[in-house]
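Input: a single structure, listed below in structure tokens.
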Amino acid sequence: MGVGAVAMLLGGAVGCGHPTREAPPSANGRNAAEAGAPPLGLPGPAPQAKGLTVLVVGDSWARNLGVGMADAGKARGYTVVNAAQGGCGIMLPTGEAPGGRLTATRPACRTWPEQWPRLVERYRPQAVVLYTAYWDQTPQVIDGGRPRDLGDPVFRQRYQANMDRAIGLLRAQGAAVYVGTAVIGKGAEGRTAREMNRQVETVVRRNARRDVHLLDVRRQLCAHDDCPARVHGMDVYDETGHPTAPAHDRLGTWILSTLWTAVGHRTG
């Protein structure tokens, strides 16, 4: 690969999508004390990657993190193919809820079974970041009936099956797959995020022998269940509820460093 990161932004703009589910749930407004504050990624540059190519797929949080990865990978030999799209999860909804508000997943989001294999074949990534932990907390119609969510066993079963299918497609050229966790909030939103993370962890455990790993974004942004709005003197979230540019650059550095530590030697 040539020198520098190549950020290939495919699809809609960063931050578009469902505002109540793709924003971090109830991140509080206090400034985190340095002692006990979450790490918020890494401040320094990612290690020399020797041409590591990373594919990013998922929702607008995935897309935001992909931008941070591309920023962090500049002049380091990374190629970041950012194919994540706002409002795109893994669930493949089959209809709209009354009024269309709860299941406003665009038709373009439902093409991942065809789109992702083409991206894997074209770019042949060494690692893939698969991140739909926010959008898939949204209630969706998945069987032509009423909207379902993570509290419904039918939804959970479909989520697990779709994740297994997606991992198989993304692994077709031998890439390691990293599946991200959600930020923990307060009240009902916190309970939903915890259930999402249980589902993510189940996926990772079941597929560990397939070179599937946990990308624990939650632990980068939260100390226990406290997810402060300011860490290390910087604002963590922008007005849309996504990581600010300084925050996503630190998270991007951490992600690329994590991937390189695990899979970078394979490119040597």
Output the distance between atom [atom1] ([X]) and atom [atom2] ([Y]), rounded to the nearest 0.5 Å.
{"X": "Arg206", "Y": "Gln160", "atom1": "CZ", "atom2": "CD", "result": "4.5 Å"}
{"X": "Leu251", "Y": "Leu42", "atom1": "CG", "atom2": "CG", "result": "9.0 Å"}
{"X": "Leu256", "Y": "Thr261", "atom1": "CG", "atom2": "OG1", "result": "10.5 Å"}
{"X": "Asn162", "Y": "Asp136", "atom1": "CG", "atom2": "CG", "result": "8.5 Å"}
{"X": "His248", "Y": "Thr244", "atom1": "NE2", "atom2": "OG1", "result": "7.0 Å"}
{"X": "Trp260", "Y": "Tyr78", "atom1": "CH2", "atom2": "OH", "result": "7.0 Å"}

Considering non-hydrogen atoms only, spot the tightest contact between [X] and [Y] and give its length.
{"X": "Pro117", "Y": "Glu114", "answer": "CD-O, 3.5 Å"}
{"X": "Ala193", "Y": "Ala182", "answer": "CB-CB, 4.4 Å"}
{"X": "Ala133", "Y": "Gly180", "answer": "CB-O, 3.7 Å"}
{"X": "Val231", "Y": "Ala37", "answer": "CG1-CB, 4.4 Å"}
{"X": "Ser60", "Y": "His242", "answer": "OG-NE2, 2.6 Å"}
{"X": "Ala83", "Y": "Leu119", "answer": "CB-CD1, 3.5 Å"}

What I'd like to find out is whether the side chain of [X] reaches to under 4.5 Å of the side chain of [Y], using heavy atoms alone.
{"X": "Leu170", "Y": "Leu130", "answer": "yes"}
{"X": "Val57", "Y": "Trp112", "answer": "no"}
{"X": "Val81", "Y": "Val56", "answer": "no"}
{"X": "Asp149", "Y": "Gln137", "answer": "no"}
{"X": "Ile167", "Y": "Val128", "answer": "no"}
{"X": "Leu92", "Y": "Arg165", "answer": "yes"}
{"X": "Leu215", "Y": "Val179", "answer": "no"}
{"X": "Pro125", "Y": "Val54", "answer": "no"}

Begin from the C-alpha positions of Tyr131 and Thr181 and carry the test side-chain contact (heavy atoms from CB on, under 4.5 Å) through to its verdict.
-> CA-CA 8 Å; Tyr131 198 89; Thr181 56; 5.6 Å; no

Ring pair (Phe, Tyr, Trp, His ring centres under 6.0 Å) contacts touching residues 159-181 (sequence neighbours left out) |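 Applying ring pair (Phe, Tyr, Trp, His ring centres under 6.0 Å) to every pair that reaches into residues 159-181, excluding sequence neighbours, yields Tyr178-His213.
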
Residues Val236, Arg230; criterion side-chain contact (heavy atoms from CB on, under 4.5 Å); working and verdict | CA-CA 5 Å; Val236 179; Arg230 285 182 62 81; 5.6 Å; no

Please check: side-chain N/O of [X] versus main-chain N/O of [Y], any donor-acceptor pairing under 3.5 Å?
{"X": "Gln126", "Y": "Thr53", "value": "yes"}
{"X": "Asp59", "Y": "Gly87", "value": "no"}
{"X": "Arg158", "Y": "Ile142", "value": "yes"}
{"X": "Asn82", "Y": "Arg63", "value": "yes"}
{"X": "Asp235", "Y": "Tyr237", "value": "no"}

Using a strict 4.0 Å threshold on nitrogen-to-oxygen distance, state whether Arg250 and Asp71 make a salt bridge.
-> no

Return the set of residues passing side chain to side chain donor-acceptor pair (under 3.5 Å) with Thr253 (not counting sequence neighbours), or none when no residue passes.
-> none

Pairing residues for Asp238 by the side chain to side chain donor-acceptor pair (under 3.5 Å) criterion, not counting sequence neighbours | Thr240

Any chance the side chains of Asn197 and Arg194 put a donor and an acceptor closer than 3.5 Å?
-> no

Listed partners of Asp216 passing salt bridge (Lys or Arg N to Asp or Glu O under 4.0 Å), at least two apart = Arg219

With Glu195, which residues qualify under salt bridge (Lys or Arg N to Asp or Glu O under 4.0 Å), at least two apart?
->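 With sequence neighbours excluded, Glu195 shows a salt bridge (Lys or Arg N to Asp or Glu O under 4.0 Å) to Arg198, given in chain and number order.
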
Should Val120 and Leu55 be marked as a side-chain contact (heavy atoms from CB on, under 4.5 Å) after you check the CA-CA gap, both sets of side-chain angles, and the distance that decides it?
-> CA-CA 8 Å; Val120 169; Leu55 173 63; 4.0 Å; yes

Stepwise, does the side-chain contact (heavy atoms from CB on, under 4.5 Å) test hold for Arg218 with Val183?
-> CA-CA 5 Å; Arg218 182 189 74 83; Val183 177; 5.5 Å; no

When Met91 is tested against each of Arg148, Met163, Gln140, Arg110 for side-chain contact (heavy atoms from CB on, under 4.5 Å), which residue passes?
-> Gln140

List in chain and number order the residues that pass side-chain contact (heavy atoms from CB on, under 4.5 Å) with Glu121, two or more places apart in sequence or in another chain; answer none if no residue qualifies.
->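 Glu121 satisfies side-chain contact (heavy atoms from CB on, under 4.5 Å) with Arg124, Gln173 only.
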
For atom CD of Glu201, decide whether the heavy atoms of other residues, nucleotides or ligands shown that lie under 6.0 angstrom number more than 12.
-> yes

